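All values reported here derive from a predicted model rather than from experimental measurement. In what follows, every heavy atom counts, from backbone to side chain, and hydrogens, waters and symmetry copies are set aside.
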Amino acid sequence: MTLAKRLPRHQQNYGDLGLLAGMLLLAGAFPNYWMLLGSSVVIGFCYTCFDIRALTITQELTDPAYLGRMFGLLFLAMDAFQPLGSFIFGFVTDELGNATLLLVGSCFLIGLVGIYQGYQRLARRSR
């Protein structure tokens, strides 16, 4: 990504997040060590690519005078919800075990498709 000399596009993030959701589903469907290890590597790579692109896109769209505030709020929001997610998924994982990956992957994929379709509708209206 460092060597790419073009601006990031939203479509690349959809591909990364789709692959991430697919790997969650595979890891949930085939619960063995090697599948979990391989999916962890791919999920980590996809998430890193998404995060770098999303932050770059945010930086491009934000007025430089507000960048500090924007990133401060963004990271505050992420840090604020992490303990809640850990608390909830601690109980969910105890009950569902490896099926938690199927649940999260399915929700992720459904949400991604919904956001993509909503974005496409907005893009068509603005033309």
Side-chain angles (χ1 to χ4, degrees):
M1 291 180 67
T2 301
L3 300 176
K5 301 299 182 201
R6 55 185 157 64
L7 290 175
R9 298 184 332 248
H10 292 122
Q11 291 79 13
Q12 294 168 311
N13 278 347
Y14 290 120
D16 286 338
L17 293 177
L19 180 58
L20 189 151
M23 292 307 293
L24 284 169
L25 292 171
L26 279 175
F30 303 103
N32 66 59
Y33 176 78
W34 295 109
M35 179 57 76
L36 291 172
L37 180 65
S39 62
S40 294
V41 170
V42 174
I43 288 169
F45 180 76
C46 290
Y47 182 73
T48 300
C49 291
F50 167 79
D51 203 30
I52 291 168
R53 277 193 211 101
L55 293 176
T56 302
I57 290 169
T58 302
Q59 194 170 4
E60 291 291 322
L61 295 175
T62 305
D63 187 310
Y66 298 105
L67 275 177
R69 293 179 189 122
M70 182 66 175
F71 283 116
L73 288 172
L74 184 66
F75 292 120
L76 177 67
M78 288 189 295
D79 289 344
F81 285 106
Q82 189 275 329
L84 178 63
S86 294
F87 179 75
I88 291 170
F89 276 98
F91 294 112
V92 170
T93 304
D94 285 345
E95 292 298 319
L96 297 179
N98 207 56
T100 305
L101 295 172
L102 291 171
L103 174 68
V104 172
S106 298
C107 291
F108 207 94
L109 205 53
I110 290 167
L112 185 60
V113 168
I115 289 170
Y116 180 76
Q117 288 177 345
Y119 182 76
Q120 293 301 319
R121 274 189 243 123
L122 285 174
R124 281 193 299 266
R125 285 184 195 162
S126 67
R127 288 184 204 162

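Shown here are the side-chain contact (heavy atoms from CB on, under 4.5 Å) partners of L61, two or more places apart in sequence or in another chain: I57. For Q117, the side-chain contact (heavy atoms from CB on, under 4.5 Å) partners at least two apart in sequence or on another chain are V113, R121. Remark: F30 engages no residue in a ring-ring contact (aromatic ring centres under 6.0 Å, His included) (not counting sequence neighbours). Listed by chain and number, the residues in a ring-ring contact (aromatic ring centres under 6.0 Å, His included) with Y119 are H10 (sequence neighbours excluded). By the side-chain contact (heavy atoms from CB on, under 4.5 Å) test, A54 is found to be paired with N13, F50, residues two or more places apart in sequence or in another chain being considered. Applying the side-chain contact (heavy atoms from CB on, under 4.5 Å) rule to R69 yields the partners Y66; only residues at least two apart in sequence or on another chain are considered. Under the ring-ring contact (aromatic ring centres under 6.0 Å, His included) criterion, F91 pairs with F87, not counting sequence neighbours.
Applying the salt bridge (Lys or Arg N to Asp or Glu O under 4.0 Å) rule to pairs touching residues 14-30 yields D16-R53, sequence neighbours excluded. Within the structure, salt bridge (Lys or Arg N to Asp or Glu O under 4.0 Å) contacts touching residues 72-84 (residues at least two apart or in different chains) do not occur.
Taken from OG1 in T48 to CD1 in I52, the straight-line distance is 6.0 Å, to the nearest 0.5 Å. Taken to the nearest 0.5 Å, the CG atom of L19 stands 10.0 Å off from the CG atom of L24.
Linking Ile, Leu, Val, Met, Phe, Trp and Tyr residues whenever their side-chain heavy atoms come within less than 4.5 Å places L84 and L103 in a single cluster. Under the 4.5 Å side-chain heavy-atom criterion for ILVMFWY residues, a single connected hydrophobic cluster contains both L96 and I88. Note on L20 and I110: separate hydrophobic clusters, where clusters join Ile, Leu, Val, Met, Phe, Trp and Tyr whose side-chain heavy atoms are under 4.5 Å apart, directly or indirectly. Residues M23 and F45 fall into different hydrophobic clusters, defined by Ile, Leu, Val, Met, Phe, Trp and Tyr side chains chained together at heavy-atom separations under 4.5 Å.
Hydrophobic cluster membership of L109, counting Ile, Leu, Val, Met, Phe, Trp and Tyr whose side-chain heavy atoms lie under 4.5 Å apart directly or via other members: L25, L102. Here F75 sits in one hydrophobic cluster together with L55, L67, F71, L74, M78; the rule is ILVMFWY side chains under 4.5 Å apart, joined directly or through other members.
Side-chain contact check for T56 and E60: no donor-acceptor pair (N or O, by modelled atom type) lies under 3.5 Å.
Contact record, P31 with N98: CB-ND2, 2.9 Å, taken as the closest heavy-atom pair. T100 and V92 get closest at one heavy-atom pair: OG1-O, 3.8 Å.
Remark: Y14 OH is packed, more than 12 non-hydrogen atoms of other residues, nucleotides or ligands lying under 6.0 Å away. In Q120, the CD atom is crowded: over 12 heavy atoms of neighbouring residues, nucleotides or ligands sit closer than 6.0 Å.
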Side chains of residues 33-44: which donor-acceptor pairs under 3.5 Å do they make with residues two or more places apart or in other chains?
from: S39; atom 1: OG; to: M35; atom 2: O; distance (Å): 2.8
from: S39; atom 1: OG; to: L36; atom 2: O; distance (Å): 3.1
from: S40; atom 1: OG; to: L36; atom 2: O; distance (Å): 2.7

